[in-house]
Amino acid sequence: MRFLGINAIFHDPAAALVADGRIVAAAEEERFSRRKHGKRPLAFSAWELPEQAAAWCLREAGLAPEDVDAVAYSYDPSLVVRRPEGDWEDLRTRYAVRAPLFLATALPGLDPAQVTYVPHHVAHAASAGLASPWRDCAVLVCDGRGENVSHLAGRYRDGELEVLAAQELPHSLGLMYEDVTEHLGFLRSSDEYKVMAMASYGRPRHLEALREVIRPTGDGGFRVEPVDWNVYAKALPKGAPWTSDHADLAASVQARLEEVLMELARWLHERTGERRLALAGGVALNCVANTRLLEETPFTEVWVQPAAGDSGTALGGALHLAQAYGEPATPMGTAALGRGFTDDELGAWLDVARVPYTRPADLAAEIAAELAANRIVAWFQGRSEYGPRALGHRSLLAHPGHAANTERLNDVKGREQFRPVAPMVLESRARDVFGRGPVPSPYMLFVHDVRPEWAARVPAVVHVDGTARVQTVSPDGEPLVARLLTEFERRTGLPVLVNTSLNTAGRPMVDDPRDALECFGSAPVEVLVLGPYVVRRREVFGS
């Protein structure tokens, strides 16, 4: 059977296709529309369907809309509780009620009666519990909001979800973090990771005060009281320089978030006795908190959905329906679920662009030499990643041994200089360089301590607090990237490369060859690798 999943209601519209228990395709609409997050993260922007992503998922599976057995829409308007006048609940609900008709218009041939509403947090839970390597596990979902709750705690037993707790709105850890994001001059429902980065520059000196207003309730839930953030630091206009007060506020909020999440996880462990925990929801993209959940709670294994934000509910909805129809899904073995291109297609794009290119006999060795010479490489390989992390398919790569490369890459991308870049490392070498944190860590969703003897050798990837957000690479899963790392170490003695997303500020990650060529033409990147082909800036532009 074939199940199409759709996320559209809040932000990050996306589509996913599960066929015969196998995850065939999943992609965010932003990769097609080239509009960051698919739409502006505004309360009233409920109408933008992932039309292009859904149509591509069907094509990738060789299906027409009428071939789909059921469609999962990851929001159930029947669960919404009307709020006071002045909010946007009514508009969202009206849109969701009519979503089957909108989908039938966007995908001619689709029967509106095939659309099934899957509660938002159930879809999140399924994206973690049913996509994880396990059939039995605890599951914790935490985000801004769904229909009427902001959190779900439960467990999967043989693929069936038992909900043990759910926190009703308006109490929300995710919305609290969004409020701080906006207060610090960033875009809410978009830039929360910047707050996490800023936190490492501050001291949590407001932690005691925040413990009074953000607190667990002991029954698997929590309370978040209204907070006047100006008491701790004045609101920052967008783009204004931040001070130590702002960093201290970020550090305090981050610390309290971690504490509450650990209390929720400990409660969940007591109720379930499970040793495995699956995480989803936008808060699960907080890699600092994820490491503490693994290291400081009774859970011995933690798996995080790579597309933990709302885009992941498209996949979760499809998996939930597959399970309900008696077709348990194969575990998610990779995040490379988006578009890919043949060598001939990539070569044709280069021919149309009329740029000189080569096809080296040993691509890994040639690019390792470029990286060893401290050149920045735009790396485009295979199918694009599902979720916000570049994992060696749509990446900017650089030498980690030069501290200036952090600033250099932030200049290339046009983003704030306090933003860190991440390392990729062979799984077999990870423990030599990095301490606390899980290995393997293929999706870059945890932080690891950098061993002191290595910190000075790979300074570009070391955060100000001595940690790094690591991606481990397995030769079985990523043979070309693994060979590149091996060749780079042979030349430099460093088993690590800098890996950050292939895009510039405010733009989605590069997805197709045109995007890659446009990014290469507009940013000071020395080398573009497009599949087996290599383009050098000096040969294109003469410098």
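- In R135, the CZ atom is crowded: over 12 heavy atoms of neighbouring residues, nucleotides or ligands sit closer than 6.0 Å.
- Using a distance-only test at 3.5 Å, with no hydrogens or angles considered, a donor-acceptor pair links the side chain of N410 to the main chain of R419.
- Residues R292 and E295 are not paired through a salt bridge, judged by the lack of any N-O separation under 4.0 Å between the basic side chain and the carboxylate.
- Note that CZ of F186 is 7.5 Å distant from CG of L236, once rounded to the nearest 0.5 Å.
- Looking at residues two or more places apart in sequence or on another chain, you find a side-chain hydrogen bond (donor to acceptor under 3.5 Å, both in side chains) between E259 and R211, R256.
- Contacts classified as salt bridge (Lys or Arg N to Asp or Glu O under 4.0 Å) and involving residues 353-366 (residues at least two apart or in different chains) are given here: D343-R359, D362-R483, E366-R536.
- Between W303 and L277 there is no side-chain heavy-atom pair separated by less than 4.5 Å.
- Considering only residues two or more places apart in sequence or on other chains, T342 meets the side-chain hydrogen bond (donor to acceptor under 3.5 Å, both in side chains) condition with E345.
- Partners of D449 according to the side-chain hydrogen bond (donor to acceptor under 3.5 Å, both in side chains) rule, which considers only residues two or more places apart in sequence or in another chain, are R436.
- The pair D191-K194 meets the salt-bridge criterion, since a charged nitrogen lies less than 4.0 angstrom from a carboxylate oxygen.
- A salt bridge is defined here as a Lys NZ or Arg NE, NH1 or NH2 lying under 4.0 Å from an Asp or Glu carboxylate O, and R394 with D511 fails to meet this definition.
- Residue pairs satisfying the ring-ring contact (aromatic ring centres under 6.0 Å, His included) criterion with at least one member in residues 499-532, sequence neighbours excluded, are absent.
- A ring-ring contact (aromatic ring centres under 6.0 Å, His included) check over residues 395-447, counting only residues at least two apart or in different chains, returns the pairs W242-F418, H399-H402, H399-F488.
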